[in-house]
Number of protein chains: 2
Amino acid sequence: MATMRDVAARAGVSIKTVSNVLNDYPYIKESTRAKVLTAIDQLGYRMNISARNLRAGRTGIIALVVPELSLPYFAQLSDAIIEAAAIKGWTVIVEQTGGVRERELDMLSGARRHLVDGVIFSPLALGPGETDHLHVDFPLVLLGERMSNGPVDHVTISNVQAARAATQHLLDLGRHRIAAIGANGVAGAATTRFDGYLAAIESAGLERDDTLIPVVGLSWHRTAGAEAMQELLDSGTPIDAVFGFNDTLALGAMHVLLRSGRRIPEDVAVIGFDNIEETRFSMPSLSSVEPGQKQIARTAVDLLAERIGGGAEEYREIYADFTLEIRESTIGRQEDA
Amino acid sequence: MATMRDVAARAGVSIKTVSNVLNDYPYIKESTRAKVLTAIDQLGYRMNISARNLRAGRTGIIALVVPELSLPYFAQLSDAIIEAAAIKGWTVIVEQTGGVRERELDMLSGARRHLVDGVIFSPLALGPGETDHLHVDFPLVLLGERMSNGPVDHVTISNVQAARAATQHLLDLGRHRIAAIGANGVAGAATTRFDGYLAAIESAGLERDDTLIPVVGLSWHRTAGAEAMQELLDSGTPIDAVFGFNDTLALGAMHVLLRSGRRIPEDVAVIGFDNIEETRFSMPSLSSVEPGQKQIARTAVDLLAERIGGGAEEYREIYADFTLEIRESTIGRQEDA
DNA sequence: CCTGACTTGTACATCGATGTAGAAGCCAAT
DNA sequence: ATTGGCTTCTACATCGATGTACAAGTCAGG
């Protein structure tokens with residue numbers, strides 16, 4: 001494999017001159033530049049990134065740490081972040097933690113801090129009491145609300161407000177027996193979305209009813225939503241609406257509801273959260289909270305860039321905008337739309 | 001940031017001894033090893049990967065090149081490949097091409113050949129006539145059937161057989177007007193799955209009917225399936241079954257069918273391909289071809305490992321096993337299952 | 001007490017690119 | 001002719017870890 005030395009030899013210049021050409025050093029005679037470029041072309045030379053990194057202390061790589069790509073939300077998030085990073089000329093390493101505490105800690109231990117310039121981290125197992133782990137010596141941007149108020153930059157949406165708006169939408173439809181699927185006793189999105197749900201319920205003058213609030217596991221897959229819904233139906237508690245804390249939970253719940261013979265939204269209205277692509281194609285299509293994922297991705301990458309560039313001082317907490325996407329699962333089929 | 005030199009100084013040994021400890025060199029006195037490990041611990045030392053890579057010529061990173069993570073199939077594939085790579089101690093860079101020809105070529109140009117030890121590539125735009133581009137000087141494993149018979153290792157499933165089996169399943173149900181959604185005139189999975197469809201149709205004594213074969217775009221998203229289905233319905237051609245060349249196409253089609261008032265499977269049976277998680281939760285649940293994705297992922301990583309290790313000579317073409325997952329969209333709801 | 005085998009550690013060159021210092025060539029102004 | 005300011009390029013040290021060569025120390029057997 002050709003090195004810079006080979007290029008220099010072929011072009012009849014010094015190795016540093018080759019480097020200068022490649023780094024757009026201004027004082028290069030046009031003829032010299034041409035010779036060098038020709039040599040590079042002939043030899044098919046590619047710069048050795050490891051060597052450059054060793055000198056420069058930068059790798060041009062960032063790590064994205066998510067629970068798992070199989071969840072559409074994280075898949076779409078990764079898509080958006082990879083694209084946003086590409087614009088900055090960065091390459092993205094994707095690490096999956098599976099929501100396993102030990103693997104999340106490992107990501108923060110700095111084992112890769114020479115390999116990447118910075119990390120975008122979406123924790124699932126680590127929580128609010130553990131912000132100590134965030135005192136890391138590499139640029140870090142946190143996603144989601146699992147570990148707010150730590151010594152890091154932080155991008156999320158107003159989970160409380162968004163969840164409240166989603167619940168309010170169900171209340172506005174005249175529903176009063178609204179199940180909340182996604183609570184799992186773990187701080188973070190589960191808790192803040194639950195808080196939003198509760199705020200809407202209580203400000204509507206209703207009372208909190210724990211029979212409407214099944215406990216689910218850590219992982220918000222479709223199965224979890226289906227199981228929780230089945231549990232609710234089995235319990236016999238009356239239900240006229242469901243708020244799934246994410247779309248896959250809601251879709252799982254919807255599946256069970258339809259299978260049990262309920263009509264959506266006539267008997268039970270359903271709303272989700274995240275607005276994944278699938279919501280537009282389920283039957284019925286699923287109303288959802290659009291969390292501004294692309295904005296989150298861009299913001300996270302921008303914050304990381306500032307942090308890496310050293311231009312940031314204060315730790316920032318940024319809230320992306322959300323909107324409600326109302327579809328059939330709450331308002332039924334609209335004849336003209 | 002502490003370097004090996006610092007560790008050596010603190011432990012009172014030479015820098016090479018530290019290196020030896022870290023690399024499990026056999027002849028190290030236990031007391032020396034302990035001193036070194038203590039020093040490493042006290043300093044919070046982490047090895048500089050770039051420096052090691054520069055020496056070793058290996059990076060421990062592989063690149064996974066896919067069209068886009070937003071498609072569940074590729075999201076799940078990436079998940080599986082990242083896990084399989086982690087077992088080998090590898091880190092995975094995920095690159096998205098968006099199915100854009102230029103970006104796919106760029107991935108093969110070797111621009112990153114110093115950054116990664118090898119590449120797993122799932123092409124979408126590049127096709128059979130362009131195997132020239134596959135004469136690359138880095139370890140490469142190809143996924144899918146877009147560029148068979150090139151000078152590379154290759155992992156795929158028997159698309160023709162699998163598609164034929166899926167179509168045969170519809171025929172076995174007594175359907176004769178089977179639409180095929182996914183053909184786009186592009187060689188690769190689109191073509192081979194079409195061939196399988198046609199083989200089943202013709203061996204059943206039916207005649208090919210082009211009004212049942214809409215042309216879709218390159219990207220097999222839900223929208224594409226929905227549009228194609230709408231087109232079919234508008235054309236008025238009779239249809240009693242649909243074979244979607246992947247699940248998202250089938251789901252998009254199913255959405256349009258249900259919306260038009262058709263019952264699935266009573267009026268129209270639907271089968272997809274890929275067996276993504278969503279198929280188990282759609283209403284009705286979607287029959288699909290299970291392509292053995294985890295097996296594909298593991299096989300691809302294994303082949304790449306052999307190639308990187310230099311232990312492989314012949315270029316290999318490996319076919320993963322497939323099975324049919326029969327669900328409600330073809331056989332209706334089963335009372336006891 | 002010496003030899004040779006084995007253990008344990010050190011010094012130095014090296015991987016490939018880049019920053020620093022400065023040399024050499026050229027020109028205009030003195 | 002000399003000075004000084006540009007432009008253009010070279011030589012060398014350096015980033016951090018590792019392979020090679022070899023030195024020093026230990027220990028058994030003769």
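The chains referred to below are lettered A, B, ... by the order of the sequence lines, with proteins before strands, and numbering in each begins at 1. Every heavy atom of this structure was used, including side-chain atoms; hydrogens, water molecules and symmetry mates were not.
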Determine, for B:Arg103 against B:Glu95, whether the closest basic-nitrogen to carboxylate-oxygen distance falls under 4.0 angstrom. no

Between A:Glu83 and B:Gln96: side-chain donor-acceptor atoms closer than 3.5 Å: yes

Heavy-atom closest pair (A:Pro139 atom, A:Arg307 atom, distance to 0.1 Å) is CB-CG, 3.7 Å

DNA chain C stem ranges, 3 or more consecutive Watson-Crick or G-U pairs under 3.5 angstrom: C:1-30 with D:1-30

Around atom NZ of B:Lys29, are there more than 12 heavy atoms of other residues, nucleotides or ligands at under 6.0 Å? no

Going by distance alone, is a donor N or O of one side chain under 3.5 Å from an acceptor N or O of the other, for B:Ser70 and A:Asp79? yes

Think B:Tyr27 has a side-chain N or O under 4.0 angstrom from the OP1 or OP2 of C:dT8? no

NA contact type, B:Thr32, heavy-atom cut-off 4.0 Å: base, sugar-phosphate, or nothing? sugar-phosphate

Salt bridge (Lys or Arg N to Asp or Glu O under 4.0 Å) between A:Arg101 and A:Glu104, intermediate numbers included: CA-CA 5 Å; A:Arg101 181 187 161 74; A:Glu104 293 196 345; over 6 Å; no

Between which nucleotides of DNA chain D, 5' to 3', does chain B make heavy-atom contacts below 4.0 Å? D:dG16 to D:dT20

Test item: A:Ile40 and A:Arg10 side chains (from C-beta on) under 4.5 Å apart, heavy atoms: no

Under 4.0 Å between any heavy atoms, over every strand shown, what does B:Asn53 touch: base, sugar-phosphate, or nothing? Just pick one. nothing

Evaluate side chain to side chain contact (heavy atoms under 4.5 Å, CB included) for A:Ile308 paired with A:Arg58, printing each intermediate quantity in order. CA-CA 10 Å; A:Ile308 290 173; A:Arg58 290 268 176 91; 3.8 Å; yes

Please compare B:Pro26 and A:Arg5 by the position of their nearest nucleotide in DNA chain C and report the one closer to 5'. B:Pro26

Residue pair B:Ala85 / B:Ile62: nearest heavy atoms and the distance that separates them: CB-CD1, 4.1 Å

Rounded interatomic separation in angstrom, taking CD from B:Glu30 and P from C:dT7: 15 Å

Quick one: on DNA chain D, does B:Ser50 or B:Tyr25 contact a more 5' nucleotide (nearest heavy atom)? B:Ser50

Stretch residues 7-22 of chain B: residues that reach within less than 4.0 Å of DNA chain D through a heavy atom: B:Ile15, B:Lys16, B:Ser19

Answer yes if the side chains of B:Tyr319 and B:Glu317 hold a donor-acceptor pair under 3.5 Å, and no otherwise. yes

Of the non-hydrogen atoms in A:Val136 and A:Leu108, which two are nearest, and what is the gap between them? CG1-O, 3.5 Å

